Amino acid sequence: MYSFLLPVHSVFRWAVVLSLAYAIFISAKGHLYKTTFTKTSNAIRHWTATIAHIQLITGIILYVKSPFVKQFYTTANNTGKTLFFGLIHIMLMLLAIVFITIGSAKSKREKTGQAKFKTMLIWFSLAALLILLAIPWPFSPLANRPLIRY
């Protein structure tokens, strides 16, 4: 299961990044130009959160099965990949999903379109920052991974 889910998780991260970037773009545009919060805007909010939650589920399964995480919990000397995947990646990603969830829920409950856009923009931007920090980029000194795993 681990060898199947790892590439799925790797490829699906781009769905998360792209949907989040699009949601931030739409919310910034709506907030700056004071446009109407439409059904499409609401669908973008909803699907961005849904895609992030699907990624969370695959990530949690991988976390439980990961050899790096197992090594993190059994070794006292944790550096590099074991530290990154055992602690940093999971904590930042969980916090990012919490921010997406809060932003989606608060935005849904706001009364005006401007408040919805502003709430989405703030919370989704914070989540995007955390996600970009926690992705194991190819240039990362802690956990360099290819952009797409096979």
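Here the structure is a predicted model, which is why all the values come from computation and not from measurement. Counting from 1, the numbers follow the sequence of the chain as shown.
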Handout entry: Heavy-atom donor-acceptor pair, Q55 side chain to I97 backbone, under 3.5 Å
Key =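 Such a contact is absent between Q55 side chain and I97 backbone.
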Exercise for the section: Look at the side chain of K116 and the backbone N and O of K111, then say whether any donor-acceptor pair between them is shorter than 3.5 Å. Expected result: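 No, because the side chain of K116 does not come within donor-acceptor range (under 3.5 Å) of the backbone of K111.
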Practice task
Flag yes if F68 and M91 sit in one hydrophobic cluster, no otherwise; membership is Ile, Leu, Val, Met, Phe, Trp, Tyr, and two members link when side-chain heavy atoms are under 4.5 Å apart.
Solution key: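 Yes, same cluster.
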Exercise for the section: Any chance you could measure F99, atom CZ, to L130, atom CG, to the nearest 0.5 Å? Expected result: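 Rounded to the nearest 0.5 Å, the CZ-CG separation comes out at 5.5 Å.
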Exercise for the section: Nearest 0.5 Å please: distance from the CG atom of L132 over to the CD1 atom of I135. Expected result: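 It is 5.5 Å, given to the nearest 0.5 Å.
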Practice task
Kindly say whether the aromatic ring centers of F37 and F117 come within a distance under 6.0 Å.
Solution key: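 Close enough - the centres of the two rings lie under 6.0 Å apart.
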Handout entry: Whether H89 and F84 hold their rings parallel, tilted or perpendicular, with breakpoints at 30° and 60°
Key =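 Because their plane-to-plane angle lies in the 30° to 60° range, the rings of H89 and F84 count as tilted.
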Exercise for the section: Check whether the side chains of T101 and S104 place a donor and an acceptor atom closer than 3.5 Å, and report yes or no. Expected result: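 Short answer, no.
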Handout entry: Pair S107-R45, side-chain hydrogen bond (donor to acceptor under 3.5 Å, both in side chains): steps then yes or no
Key = CA-CA 8 Å; S107 175; R45 175 205 56 80; 4.9 Å; no
Practice task
Provide the closest heavy-atom pair for A115 versus E110 in the form atom of the first, atom of the second, distance.
Solution key: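 So the two residues come closest at CB-OE1, 3.5 Å.
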Handout entry: Donor-acceptor contact present, side-chain R109 to main-chain A105, <3.5 Å
Key =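 Yes: the side chain of R109 pairs with the backbone of A105.
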Handout entry: Non-hydrogen side-chain atoms of T119 and F124 separated by less than 4.5 Å
Key =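 Answer no - side chains too far apart.
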Practice task
For W47, look at atom CH2 and say whether over 12 heavy atoms of other residues, nucleotides or ligands are found less than 6.0 Å away.
Solution key: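 Counting other residues, nucleotides and ligands, CH2 of W47 stays at 12 neighbours or fewer.
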Practice task
Give, for atom CD1 of I90 and atom CD1 of I60, the distance between the pair rounded to the nearest 0.5 Å.
Solution key: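 So the gap between those two atoms works out to 6.0 Å.
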Practice task
Quick one: do Q71 and T82 satisfy side-chain hydrogen bond (donor to acceptor under 3.5 Å, both in side chains)? Show the steps, please.
Solution key: CA-CA 7 Å; Q71 185 179 355; T82 57; 5.2 Å; no
Problem - Side-chain donor/acceptor of S27 to backbone N/O of I24, under 3.5 Å - result: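 Here the side-chain-to-backbone pair exists.
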Handout entry: Cluster link V8 to I54, ILVMFWY, side chain under 4.5 Å
Key =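 The answer is no; the residues belong to distinct hydrophobic clusters.
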Problem - Side-chain heavy atoms of I44 within contact of Y22, under 4.5 Å - result: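 Yes, close enough: below the 4.5 Å cut-off.
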Exercise for the section: Please round to the nearest 0.5 Å and tell me the distance separating atom OG of S19 and atom CZ of F12. Expected result: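 These two atoms lie 8.0 Å from each other.
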Handout entry: Transitive ILVMFWY side-chain link L133 to L56, under 4.5 Å
Key =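 Yes, same cluster.
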Practice task
Assess K65 against Y2: is NZ or CZ under 6.0 Å from the centre of the six-membered ring, and within 45 degrees of the ring's axis?
Solution key: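 No, cation not above the ring by the 6.0 Å, 45° rule.
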Practice task
Examine distances only and state if a side-chain atom of W137 and a backbone atom of A143 form a donor-acceptor pair shorter than 3.5 Å.
Solution key: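 Not confirmed, W137 side chain does not pair with A143 backbone.
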Problem - Rounded distance [0.5 Å steps], CD1 in I100 versus CE in M93 - result: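 With rounding to 0.5 Å, CD1 (I100) is 9.5 Å from CE (M93).
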Handout entry: For the student: nearest non-hydrogen atoms of M1 and I61, plus distance
Key =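 Scanning both residues, the minimum pair turns out to be SD-CG2, 3.6 Å.
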Practice task
Could you tell me the separation between the OG1 atom of T50 and the NE2 atom of H46, rounded to the nearest 0.5 Å?
Solution key: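 Taking OG1 in T50 and NE2 in H46, the distance rounds to 3.5 Å.
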Handout entry: Within one Ile-Leu-Val-Met-Phe-Trp-Tyr cluster: L121 and L32, side-chain cutoff 4.5 Å
Key =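 No: no chain of side-chain contacts under 4.5 Å links L121 to L32.
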Problem - Donor-acceptor contact present, side-chain S140 to main-chain P136, <3.5 Å - result: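 Such a contact is absent between S140 side chain and P136 backbone.
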Handout entry: Path from Y73 to L83 over hydrophobic side-chain contacts below 4.5 Å
Key =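 Linked, Y73 and L83 end up in one cluster.
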Exercise for the section: Looking only at non-hydrogen atoms, find the nearest pair between V69 and G86 and report the distance. Expected result: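 So the two residues come closest at CG2-CA, 4.1 Å.
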